[in-house]
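Here is the structure we will look at.
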Amino acid sequence: MRKSAVFRIRLITGLILVLALLLIVRLYQLQVIRHDAYIARAEQQYVHTVQDLYTRGNIYFTTKSGETVSGATVQSGHVLAIDPRKITDAATTYDALSGIIPLDRDVFINRASLSERTYVEIADRVPDEAAAAIEKLDLSGVQLYRNQWRYYPGDMLAARTIGFVGHTGDGERLTGLYGLERNYDETLRRNNDRLSVNFFAEIFSNLGSMVFKSEETRQGSVVSSIEPTVSRMLQSELLATHDEWNSELTGGIIIDPQTGEIMALDAVPTFNLNDRSEASIEDFRNPLVENVYEFGSIVKALTMASGLDSGAVAPSTTYYDAGFIELNTFTIRNFDGRGRGTVNMQEVLNQSLNTGVAFVVDTMGKQAFRDYFLGLKLGSETGIDLPNETYGLVENLNSPRDVEYATASFGQGIATTPIAMVRALATLANGGKLIAPHLVTRIEYDDGTAKEIQFPEGDRVFSEATSEEISRMLTTVVDEALRGGDVALPNHSIAAKTGTAQIANTSGGGYYEDKYLHSFFGYFPSYDPQFLVFLYTVEPKGVRYSSETLTEPFMNITKFLINYYNIPPDR
């Protein structure tokens with residue numbers, strides 16, 4: 001009796017195991033081996049793929065009060081689709097829908113005529129309000145499905161800095177392509193897999209992950225130091241300047257020279273992040289980190305600081321300015337060709353004398369000058385958290401010829417990115433230390449934790465005494481020389497310098513006689529600066545000097561920041 005029971009149990013168990021094995025084999029055949037064939041058959045009766053709604057971490061701006069404001073987020077809405085088999089009058093359906101959302105008539109009629117299809121998408125980003133209105137029409141053959149997509153509330157605001165999301169080369173995966181979207185893509189990206197999981201396909205295709213433990217990047221949102229009101233104000237000034245002088249490109253940076261936090265970084269022409277149809281690839285690039293320029297006379301402030309710090313010159317040191325000097329068979333002239341006679345170092349900055357900074361280099365020696373400029377890392381990347389940063393071109397500082405050092409002293413013959421120039425100029429304002437320019441200050445993870453981004457203290461290039469002395473000299477430039485002192489503010493000290501550089505002729509060699517790059521930098525208050533503002537414009541038309549093009553936008557920005565941040569008077 002007992003043997004019979006055991007036999008029956010074993011027989012039933014065996015049959016169950018055989019049946020289970022057959023089911024597994026069949027399921028494997030259907031879901032793995034013949035997966036593509038059944039997918040193709042399903043597509044013939046396709047209605048709408050059930051997927052996780054698209055999601056991605058946010059990019060935040062930070063207001064002056066410390067509140068976060070969305071710069072890149074995910075917006076919810078609907079997909080509008082039709083079933084052509086159920087539409088009896090395409091024209092009437094079009095008229096009803098086009099009264100709610102913009103549609104191309106010819107495209108709609110064409111898609112509504114695809115009678116062999118059961119599902120044709122008409123629009124993939126229909127706002128909730130419009131979807132509600134369409135639903136009320138109760139149109140036969142019209143379908144609405146939930147959808148989400150990347151959305152940029154600021155439209156054009158900081159577009160080149162924020163970047164955007166798009167499809168990769170394989171056309172399947174959405175990923176960050178430019179700006180912060182690309183630089184922090186691993187943190188921002190989410191796994192948008194289908195809700196229905198192919199269990200057996202998962203088992204057979206993921207054996208590796210079952211055996212080997214893989215560590216995933218923690219997902220979250222990034223908080224940037226971009227201040228939305230400041231950034232919009234900068235963009236407005238850049239656009240006005242660009243249009244007024246019909247420039248090729250105009251850019252600017254507003255940074256805290258003490259910490260390296262960037263409040264605004266932008267270049268125009270720009271584009272709308274939510275509608276990129278009219279933009280070019282060039283518009284997407286960020287020239288503030290990807291392009292190098294010869295910036296001209298703003299470099300004189302760095303040369304003078306190097307001379308002061310080395311002990312070679314003091315503000316009262318004099319030289320005889322004949323209006324030109326001859327080095328290695330080359331003649332270097334002042335911007336106007338005139339000599340000033342015996343002048344001191346303050347007048348070198350006031351009148352932006354090329355011969356004066358060449359005198360500084362000659363006095364301190366080529367090697368010492370080279371060491372200071374390499375210490376400022378003008379030829380190096382800053383490590384800013386934006387993609388595709390390039391390095392400067394400072395090979396002329398390795399030349400044995402005196403003329404190369406003389407031209408470098410006034411910003412010709414060496415080229416650097418705007419962000420690397422800003423890092424160097426910040427040493428004049430902050431006591432002589434290199435900063436780490438950056439945009440993201442915090443990462444907020446999906447698990448509720450957060451990480452503050454820490455940056456190491458940079459190398460010291462100039463002493464604090466040198467920083468204070470050059471700040472005093474640059475303040476005198478604004479008080480006495482910049483437009484005759486007319487733009488100086490009575491209650492706030494400002495240290496600043498203009499720059500005008502000839503543009504190199506890359507095809508014919510030498511420099512164009514009628515093409516210039518204008519630059520301008522300044523910081524304030526002069527002896528405890530909260531902001532450093534850097535501006536430049538490429539090939540402005542009908543004007544020669546940067547004091548004519550960039551003084552007004554710089555002062556507009558300065559006055560705005562003083563009022564917006566309620567900076568108290570310092571004199």
Side-chain angles (χ1 to χ4, degrees), residues 156-164 176-183 224 226 231 234-243 245-255 262-273 276 278-296 298-299 378-394 411 414-425 437-439 499-506 512 515-521 532-541 546 549-550 553-554 557:
M156 293 172 55
L157 185 61
R160 292 183 189 244
T161 302
I162 295 298
F164 57 87
L177 297 181
Y178 294 90
L180 294 176
E181 288 277 30
R182 174 175 172 182
N183 203 73
S224 78
I226 296 174
S231 189
L234 174 64
Q235 187 174 85
S236 176
E237 289 293 334
L238 295 179
L239 286 168
T241 302
H242 187 79
D243 292 343
W245 301 108
N246 193 26
S247 300
E248 296 299 312
L249 180 77
T250 304
I253 300 171
I254 300 175
I255 191 172
I262 296 172
M263 276 66 79
L265 184 149
D266 208 347
V268 298
T270 188
F271 61 98
N272 189 323
L273 286 165
R276 304 183 294 273
E278 301 299 322
S280 66
I281 294 296
E282 189 63 27
D283 292 336
F284 300 151
R285 299 178 67 250
N286 196 325
L288 296 157
V289 299
E290 297 182 52
N291 293 359
V292 296
Y293 306 93
E294 297 179 37
F295 281 113
I298 61 172
V299 175
L378 294 175
S380 304
E381 301 171 5
T382 68
I384 187 173
D385 44 352
L386 287 173
N388 302 324
E389 184 183 10
T390 191
Y391 52 86
L393 305 175
V394 295
I414 58 172
T416 186
T417 60
I419 193 62
M421 180 56 66
V422 164
R423 175 177 63 176
L425 294 171
H438 60 277
L439 289 154
T500 300
Q502 289 181 290
I503 292 179
N505 184 344
T506 54
Y512 291 105
K515 294 183 179 182
Y516 300 94
L517 181 145
H518 292 178
S519 58
F520 196 121
F521 88 96
L532 186 149
V533 178
F534 172 87
L535 305 172
Y536 76 106
T537 188
V538 181
E539 293 187 40
K541 309 300 188 296
S546 63
T549 57
L550 297 177
F554 171 82
I557 293 168

**Prompt:** Has the side chain of Asp385 got a donor or acceptor atom that lies under 3.5 Å from a matching backbone atom of His438?
**Reply:** no
**Message:** As an exercise, state the distance from CG of Asn291 to OH of Tyr536, rounded to the nearest 0.5 Å.
**Reply:** 6.0 Å
**Asked** Hey, does the side chain of Arg182 reach the backbone of Gly179 with a donor-acceptor pair shorter than 3.5 angstrom?
**Response** no
**Message:** Looking at every heavy atom in both Val268 and Gln235, which two are closest together, and how far apart are they?
**Reply:** CG1-CG, 4.5 Å
**Message:** Quick check on side chain to side chain contact (heavy atoms under 4.5 Å, CB included): which of Leu386, Val422, Ile226, Ile384 does Ile262 satisfy it with?
**Reply:** Ile384
**Prompt:** So how far is it from Ile253 CD1 to Leu288 CG, rounded to the nearest 0.5 Å?
**Reply:** 5.0 Å
**Message:** Whether the side chain of Ser546 engages the backbone of Phe520 through a donor-acceptor N/O pair (distance < 3.5 Å, no angle test) should be reported.
**Reply:** no
**Request:** State, with a plain yes or no, whether a side-chain heavy atom of Thr416 is found less than 4.5 Å away from one of Val394.
**Result:** no
**Item:** Atom of Leu378, atom of Ala424 and distance for their closest heavy-atom approach
**Value:** CD2-CB, 3.6 Å
**Asked** Below 6.0 angstrom between ring centroids: does that apply to Phe534 and Phe295?
**Response** yes
**Message:** Whether the side chain of Glu294 engages the backbone of Ala415 through a donor-acceptor N/O pair (distance < 3.5 Å, no angle test) should be reported.
**Reply:** no
**Request:** Decide yes or no on side chain to side chain contact (heavy atoms under 4.5 Å, CB included) for Val538 and Tyr293, but give the supporting numbers first.
**Result:** CA-CA 9 Å; Val538 181; Tyr293 306 93; 3.9 Å; yes
**For the student: nearest non-hydrogen atoms of Pro387 and Val289, plus distance** = O-CG2, 4.0 Å
**Donor-acceptor contact below 3.5 Å, side chain Arg160 vs main chain Arg285** = yes
**Asked** Is the side chain of Thr537 donor-acceptor paired with the backbone N or O of His518 at a distance under 3.5 Å, no angle test?
**Response** no
**Asked** Can you name the closest pair of heavy atoms from Ala158 and Asp266 and give their distance?
**Response** N-OD2, 3.9 Å
**Request:** Determine whether the side chains of Glu389 and Thr382 contain a donor N or O and an acceptor N or O closer than 3.5 Å.
**Result:** yes
**Prompt:** Considering all heavy atoms of both residues, which atom of Pro418 and which atom of Pro287 are nearest to each other, and what is their separation?
**Reply:** CD-O, 3.6 Å
**Taking every non-hydrogen atom, the tightest pair across Pro269 and Leu249** = CD-CD1, 4.3 Å
**Request:** Supply the atom-to-atom distance Phe284 CZ to Leu273 CG, rounded to the nearest 0.5 angstrom.
**Result:** 9.0 Å
**Message:** What I'd like to find out is whether the side chain of Thr390 reaches to under 4.5 Å of the side chain of Val292, using heavy atoms alone.
**Reply:** yes
**Asked** Got Glu381 and Ile419 here, is their nearest side-chain heavy-atom distance under 4.5 Å?
**Response** no
**Fill in**
When rounded to the nearest 0.5 Å, the distance separating OG1 of Thr270 from CG of Asp283 is 7.0 Å
**Atom pair CG (Leu265) and CG (Leu234), whose distance is rounded to the nearest 0.5 Å** = 8.5 Å
**Complete:** d(Leu532 CG, Met263 CE) to nearest 0.5 Å is 9.5 Å
**Request:** Name the orientation class of the two ring planes belonging to Tyr178 and Phe164 (parallel below 30°, tilted from 30 to 60°, perpendicular beyond 60°).
**Result:** tilted
